[in-house]
Amino acid sequence: IEESVHREYDSTLRRVRDAVLHLNTENMKQAQKAEMAQYVGVSVIYFVGAVSCIFRNTSTGTLYAFLSSMTAILSTLSAWLQMGLQRSSAQSGMDAIMDILHREIDVPNLPPEQCADIRNAQRTAAAAQTPCIRFDHVCFAYENTEIFRDFSCQLRRGESVALVGASGSGKSTFSKLLLRLYDVQSGSVELYGHNVKDYDLHELRTRFGVVPQNTAIFYGTVWSNVKIARPEATDEEVHRAMAIAHVNDFLGDLEHGCDTVVGNGGRELSGGQRQRIGIARAVLGKPDILVFDEATSALDNLSEQAIQHAMEDLMKEHTVIMIAHRLTTIRNVDRVMVFDHGRIVEDGSYQALAEKENGVFHKMLTLGETT
């Protein structure tokens, strides 16, 4: 195995070396074009000037003035050629960026006039006490890998639900279908009594606040990293979101508090601090539903406790979906759904499932398995 890895590594290095050499050679060729244009131009001018002085009685002063003017012109021309070379190189990078930005989304969006009013649907569903989220006979597969077949369930508004199960059992796919990162092949996913396909895609996703396993931290202050979720938010709203997420607990440890500049990826921050910024960001967006996608899976015990306190506070005011990695973080949820190969094999309170002998959840707790 070791020799195989070494051979693959050497092969990769050779490919990289050849690619770099080819790129540098091409850049050198392009750069030489501008220099050659200048050198050839100057040589031609000197030759023509010498012929004029010998056979046409042109004075050396006239020749010198002409040479000085042409040298300036050729220098400018060479600079323009170099600029064109730089522009061409920059344009190729810009084209690649714009291709990503303008790439059409995989899921279709209805014309604005055909979209259902998600705010009105939310109020109507709350008044009628209809399920907040409903999966109705859903079938979904990633290419040839089937995840859900005739899958159905529903969640009430204000309910906190933990999704547990082995990797690949469908937990993360559940949230992705809600956000329409993918569309189902058959059946329907409903939010506030309407198919999620009936809503404007942007409006649909503003109803959700997602805290992923690895929170993206951008270059800027802690304050700006939170406020990026809703730039028009007031200072009071930002402070409230940071308080709910317990961001204030570590601001005193930073040199400039919330004005401390953090680099890309937040290397200056611990995992727990990054997650709390992610929670504050999600809260600031004023979502109705919060999704925690294994938000504590890579944290130490102290950081996990801080995040858990923040999540428990949010359960009081929001519908919360927790995709759980550590079973210790879901003790206080209203309901636990145990997934297995795209099916819900157990559904109930934490205490009831924990006491159910020979149950899947009971075995997970007994064996100390993580999901």
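FYI, the numbering just counts along the sequence from 1.
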(request) Quick one: do Val336 and Val164 satisfy side chain to side chain contact (heavy atoms under 4.5 Å, CB included)? Show the steps, please. (result) CA-CA 7 Å; Val336 177; Val164 302; 3.9 Å; yes

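- With 3.5 Å as the limit, one finds no donor-acceptor pair spanning the side chains of Arg274 and Ser270.
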(request) Evaluate the side chain to side chain donor-acceptor pair (under 3.5 Å) criterion for residues Ser11 and Arg15: first the C-alpha distance (whole Å), next the side-chain angles of each, then the deciding distance (0.1 Å), finally the verdict. (result) CA-CA 6 Å; Ser11 176; Arg15 290 197 299 271; 2.9 Å; yes

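- Transitive grouping of hydrophobic side chains (ILVMFWY, heavy atoms separated by less than 4.5 Å) brings Val196 and Val184 into a common cluster.
- Of the possible polar contacts, none joining the Asp198 side chain to the Cys115 backbone as a donor-acceptor pair under 3.5 Å is found.
- Pairing each heavy atom of Leu365 with each of Ala354, the nearest pair is CD1-CB, 3.5 Å.
- Residues Ile279 and Val333 share a hydrophobic cluster, clusters being chains of Ile/Leu/Val/Met/Phe/Trp/Tyr side chains in contact below 4.5 Å.
- A distance of 6.0 Å or more separates the ring centres of Trp223 and His256.
- Taking each heavy atom of Val211 and Gly278 in turn, the nearest pair found is CG2-O, 4.0 Å.
- Between the side chain of Lys171 and the main chain of Gly165, a donor-acceptor pair closer than 3.5 Å is present.
- Between Phe174 and Phe148, the gap from one ring centroid to the other reaches at least 6.0 Å.
- Annotation: Glu232, atom CD; neighbour count of heavy atoms from other residues, nucleotides and ligands within 6.0 Å is above 12.
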(request) Any chance you could lay out the side chain to side chain contact (heavy atoms under 4.5 Å, CB included) test for Val345 and Phe361, step after step, and finish with the verdict? (result) CA-CA 9 Å; Val345 293; Phe361 188 71; over 6 Å; no

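- Checked by atom type and distance alone, the side chain of Thr124 pairs as donor or acceptor with a backbone atom of Asn120 at under 3.5 Å.
- Enclosure of atom CZ in Arg230 by more than 12 non-hydrogen atoms of other residues, nucleotides or ligands within 6.0 angstrom is indicated.
- Here the SG atom belonging to Cys132 is positioned 7.5 Å from the CD1 atom belonging to Ile321, to the nearest 0.5 angstrom.
- Judged by distance alone, the side chain of Asp200 and the main-chain N or O of Glu203 form a donor-acceptor pair under 3.5 Å.
- Remark: Gln185 CD to Phe140 CZ distance equals 5.5 Å, nearest 0.5 Å.
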(message) Go through it in stages, so that I can follow the logic: the residues are Val222 and Asp259, the test is side chain to side chain contact (heavy atoms under 4.5 Å, CB included), and I'd like the CA-CA distance, side-chain angles, deciding distance and then a yes or no.
(response) CA-CA 6 Å; Val222 173; Asp259 293 323; over 6 Å; no

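- A donor-acceptor contact closer than 3.5 angstrom links the side chains of Ser160 and Asp334.
- The backbone N or O of Val360 lies less than 3.5 Å from a partner atom in the side chain of Glu346, making a donor-acceptor pair.
- Sorted by first then second residue, the ring-ring contact (aromatic ring centres under 6.0 Å, His included) pairs that include residues 196-217, not counting sequence neighbours, are His194-Tyr199.
- Residues Ile118 and Thr206 fail the side-chain proximity criterion, which asks for heavy atoms closer than 4.5 Å.
- In terms of heavy atoms, Pro287 sits closest to Gly209 at CB-N, 3.3 Å.
- When side chains are defined from C-beta on, Val161 counts as touching Leu163, because their heavy atoms get closer than 4.5 Å.
- Ring centroid separation for the pair Phe135 and Phe151 comes in under the 6.0 Å cut-off.
- Note that CE of Met242 is 7.5 Å distant from CD1 of Ile277, once rounded to the nearest 0.5 Å.
- The shortest non-hydrogen separation linking Ala245 to Ala280 is CB-N, 3.4 Å.
- With values rounded to the nearest 0.5 angstrom, Ile323 atom CD1 is found 12.0 Å from Ile330 atom CD1.
- Of all heavy-atom pairs between Leu178 and Leu204, the closest is O-CD2, 3.8 Å.
- Counting only heavy atoms from C-beta outward, the side chains of Asp347 and Arg335 approach each other to under 4.5 Å.
- For His22, the side-chain contact (heavy atoms from CB on, under 4.5 Å) criterion is met by Glu26, not counting sequence neighbours.
- Looking at every heavy atom in both residues, Ile228 comes nearest to Arg281 through CG2-NE, 3.7 Å.
- One hydrophobic cluster holds both Phe339 and Tyr182 under the rule that ILVMFWY side chains link at heavy-atom gaps under 4.5 Å.
- Note on Ile344: it clusters hydrophobically with Val291, by side-chain heavy-atom contacts below 4.5 Å among ILVMFWY residues.
- One hydrophobic cluster holds both Leu181 and Ile147 under the rule that ILVMFWY side chains link at heavy-atom gaps under 4.5 Å.
- The backbone N or O of Arg119 sits nowhere less than 3.5 Å from a side-chain atom of Arg207 that would complete a donor-acceptor pair.
- Put simply, the side chain of Leu254 reaches to within 4.5 Å of the side chain of Leu269, judged on heavy atoms.
- Side chains of Glu159 and Thr319: no donor on one and acceptor on the other come within 3.5 Å.
- Taking 4.5 Å as the limit, every side-chain heavy atom of Lys363 sits out of range of all side-chain heavy atoms of Thr366.
- Between His318 atom NE2 and Ile289 atom CD1 the span is 10.5 Å, to the nearest 0.5 Å.
- At a threshold of 4.5 Å between non-hydrogen side-chain atoms, the residues Leu155 and Met337 count as touching.
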(request) Begin with the C-alpha distance, continue with both residues' side-chain angles, and end with the deciding distance and a verdict on side chain to side chain contact (heavy atoms under 4.5 Å, CB included) for Arg180 and Lys197. (result) CA-CA 8 Å; Arg180 285 199 72 198; Lys197 296 179 181 179; 4.0 Å; yes

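- One distance of note links NE2 of His137 with OG of Ser188; it measures 8.5 Å at 0.5 Å rounding.
- Asp293 is listed as a side-chain neighbour of Ser172, based on a closest heavy-atom distance under 4.5 Å.
- Under a 3.5 Å cut-off, the side chain of Arg205 and the backbone N or O of Leu179 do form a donor-acceptor pair.
- With hydrogens and angles left out, the side-chain atoms of Tyr192 and Asp288 include a donor and acceptor closer than 3.5 Å.
- Inspection of the Thr173 and Tyr142 side chains reveals an N or O donor paired with an N or O acceptor under 3.5 Å.
- Between the side chain of Glu237 and the backbone N or O of Thr234 there is at least one donor-acceptor pair closer than 3.5 Å.
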(message) Show, in sequence, the C-alpha distance, side-chain angles and deciding distance for Thr215 and Gln275, and conclude whether the side chain to side chain donor-acceptor pair (under 3.5 Å) test is met.
(response) CA-CA 6 Å; Thr215 298; Gln275 288 299 76; 2.5 Å; yes

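- When side chains are defined from C-beta on, Glu146 does not count as touching His341, because their heavy atoms never get closer than 4.5 Å.
- Within a 6.0 Å sphere centred on CD of Glu255, other residues, nucleotides and ligands contribute 12 heavy atoms or fewer.
- Under the rule for a side-chain contact (heavy atoms from CB on, under 4.5 Å), Ser43 has no partner lying at least two apart in sequence or in another chain.
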